[in-house]
Amino acid sequence: MELPGGVVVWAITHHDTLQTLLADPRVGKNPRLWTTFREGRLPEGWPLTNFVSVPGMVTADGDDHRRLRGLVSQAFTPRRIAALAPAIEARTIALLDRVAELEGEFDLREHFAYPLPMQVIGELLGLALEQQDRLHELSDTLVSSSATPAAAVAAQRDLNALLASVVAAKRAAPGDDLTTDLIAAREAGPSTDRQQLSEAELVGTLLLMLVAGHETTLNLITNAVRALLAHPDQLQLVLDGAQPWSAVVEETLRYDSPVGQFPLRYAVEDIEVGDVVIRRGEALLASYAAAGRDAGHHPDADRFDLTRQPARHLSLGHGPHFCLGSGLARLEAETALRHLFGRFPGLALAEGRTNEPIASFVSNSVRTLWVTVRPAG
Ligand code: HEM
């Protein structure tokens, strides 16, 4: 398929093929494997530049990948995530207290689905509350594949500058957060014969944690609420206790993947896939949303069905780059949904409002989710 700027890639849309290629050692993520990148043929201000070239674990393979992922993975162990549960619960309740004060129709994405994951990742990274909205605005431009080249370049520049200023502030006044831990890892110097973390990798890792840590969970909560409100029979199954909230989270991940497609991977050598050959140096796009609706893998794929046993999907990735924050995302989404519907059982989609899709093929959700706390009439 052709991406913006006339960049041609292979979109991998079938579940089984995607699963195989995500774990195939003949597929890498270092952009230097990509002929178009190496030859400098990407258009100036290409909106996905950051995805392919941000220095960090998403664009690294092998030892480099293990080194970069290893530096943050201790913060995401099941034990560390479980320890965050009470704080996530408290944030959820506080946000819903504010939602309860809103009158008439309101945008649930803006008032609930966004602030929850942003505050959680903000606290993990040690970001001040007053920085968070600006970071979100810049991060939104970054994940939008429809930004103009000038806007994309400006957002990348401003986001890097803002995160560099966060690093400078933490250097001066260390905190109890992941940013401070990363600075300490960098300042511990080369562990063996290689630099443990370069300054660019430090900022790149923060950028990745910020974007991956909130844009995705924001979409998951939005997409889950939207699906439940459009399928009241399925919502009733959970409210009656016949299905757990975790089933909603897993089925939403499959049915409406928060990450529509993730750029990019590259063939390290020629790879035969069915009756085509992906040539060495060509690029692959992981099409998670399409794989979730692959009728060859999921019977009756277009049906939102909480009783699927089990709701297998690839929407958190697979293989060495499997989502580092999957436990956190699941915990946040389950907590959010349980409290939201517990508190507002009469939640309904606002009538006469349309919720436009986000103009991006990376971020898959709607720009707004207009709801009312009580059904009209
Ligand atoms: C619903 C929420 C989430 C979804 C759907 C999601 C999805 C994904 C997917 C599909 C990948 C693989 C990308 C690829 O290489 O193709 C990924 C990787 C990653 N995710 Fe998530 N994610 C979510 C939440 C989070 C959270 C909350 C964090 C961090 C706090 C996070 C951090 C990461 C990181 C660091 C990677 C890169 C791992 C690596 O390259 O080794 N994600 N995620």
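Read the numbers this way: they start at 1 and go in the same order the structure lists the ligands and their atoms.
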J.: For atom 28 (C) of ligand 1, what's the nearest protein heavy atom and its distance?
T.: Gly325 CA, 3.5 Å
J.: With heavy atoms under 4.0 Å as the rule, classify the contact between Leu316 and ligand 1 as side chain, backbone, both or neither.
T.: both
J.: Determine, using ring centers only, whether Phe37 and Tyr266 are less than 6.0 Å apart.
T.: no
J.: Answer yes or no: are there more than 12 heavy-atom neighbours, outside Arg41 itself, under 6.0 Å from its atom CZ?
T.: yes
J.: Would you check, one step at a time, whether the test side chain to side chain contact (heavy atoms under 4.5 Å, CB included) holds for Met57 with Arg66?
T.: CA-CA 8 Å; Met57 76 187 94; Arg66 277 185 285 280; over 6 Å; no
J.: Closer than 4.0 Å to some heavy atom of Ala329 - which atoms of ligand 1 meet that?
T.: 1 (C), 2 (C), 24 (C)
J.: Give every residue pair that meets the salt bridge (charged side-chain N to carboxylate O under 4.0 Å, His left out) criterion with at least one member in residues 145-163, sequence neighbours excluded.
T.: Arg134-Asp158
J.: Evaluating non-hydrogen atoms only, which member of Thr216, Leu324, Leu18 is closest to atom 23 (C) of ligand 1?
T.: Thr216
J.: Which protein heavy atom lies closest to atom 16 (O) of ligand 1, and at what distance to 0.1 Å?
T.: Tyr288 OH, 2.6 Å
J.: Would you say the side chain of Gln156 lies within less than 4.5 Å of the side chain of Asn50, judging by non-hydrogen atoms?
T.: yes
J.: Quick check with a 6.0 Å cut-off and a 45 degree axis cone: is Arg293 positioned over the face of Tyr255's six-membered ring?
T.: yes
J.: Taking the minimum heavy-atom distance to atom 32 (C) of ligand 1, which of Pro258, Ala212, Ala60 ranks first?
T.: Ala212
J.: Kindly confirm or rule out an N or O of His65 lying under 3.5 angstrom from an N or O of ligand 1.
T.: yes
J.: Only heavy atoms of Ile121, strictly under 4.0 Å: list the atoms of ligand 1 that pass.
T.: 30 (C)
J.: Are there more than 12 heavy atoms of other residues, nucleotides or ligands under 6.0 Å from atom NE2 of His231?
T.: yes
J.: Is the closest N or O pair between Ser326 and ligand 1 shorter than 3.5 Å?
T.: no
J.: Taking only heavy atoms of Arg69, which atoms of ligand 1 are found under 4.0 Å from at least one of them?
T.: 38 (C), 39 (C), 41 (O)
J.: Hey, are the side chains of Met118 and Leu210 touching, using non-hydrogen atoms and a 4.5 Å cut-off?
T.: yes
J.: What atoms of ligand 1 come within less than 4.0 Å of a heavy atom belonging to Pro320?
T.: 41 (O)
J.: Using a heavy-atom cut-off of under 4.0 Å, does the side chain or the backbone of Ser315 touch ligand 1, or both, or neither?
T.: backbone
J.: Would you say the side chain of Leu316 lies within less than 4.5 Å of the side chain of Leu253, judging by non-hydrogen atoms?
T.: yes
J.: Any idea which part of His321 is under 4.0 Å from ligand 1, heavy-atom wise: side chain, backbone, both or neither?
T.: both
J.: Identify, for atom 19 (C) of ligand 1, the protein heavy atom at the shortest distance, and state residue, atom and that distance.
T.: Cys323 CA, 3.7 Å
J.: Taking non-hydrogen atoms only, is Arg265 closer than 4.0 angstrom to ligand 1 via side chain, backbone, both or neither?
T.: side chain
J.: Got the closest protein heavy atom to atom 29 (C) of ligand 1, with its distance?
T.: Gly213 CA, 3.8 Å
J.: For the aromatic rings, using the six-membered ring if either is Trp, is the centroid distance between His297 and His14 under 6.0 Å?
T.: no
J.: Quick one: which ligand 1 atoms are inside 4.0 Å of a heavy atom on Met57?
T.: 35 (C), 38 (C), 39 (C), 40 (O), 41 (O)
J.: Contact between Leu71 and Glu201 at the side-chain level, heavy atoms closer than 4.5 Å - yes or no?
T.: no
J.: I'd like to check which ligand 1 atoms, numbered from 1 as shown, lie under 4.0 Å from a non-hydrogen atom of Lys29.
T.: 14 (C), 15 (O)
J.: Should you measure from each heavy atom of Leu220, which atoms of ligand 1 turn up under 4.0 Å away?
T.: 1 (C)
J.: Does any N or O of ligand 1 fall below 3.5 Å from an N or O anywhere on Glu332, backbone included?
T.: no
J.: Could you walk me through whether Val52 and Thr59 pass the side chain to side chain contact (heavy atoms under 4.5 Å, CB included) check?
T.: CA-CA 6 Å; Val52 306; Thr59 54; 5.6 Å; no
J.: Would you call the rings of His136 and His214 parallel, tilted or perpendicular, taking 30° and 60° as the class edges?
T.: perpendicular
J.: Out of all atoms in ligand 1, which are within 4.0 Å of some heavy atom of Val58? Include the element for each.
T.: 37 (C), 40 (O)
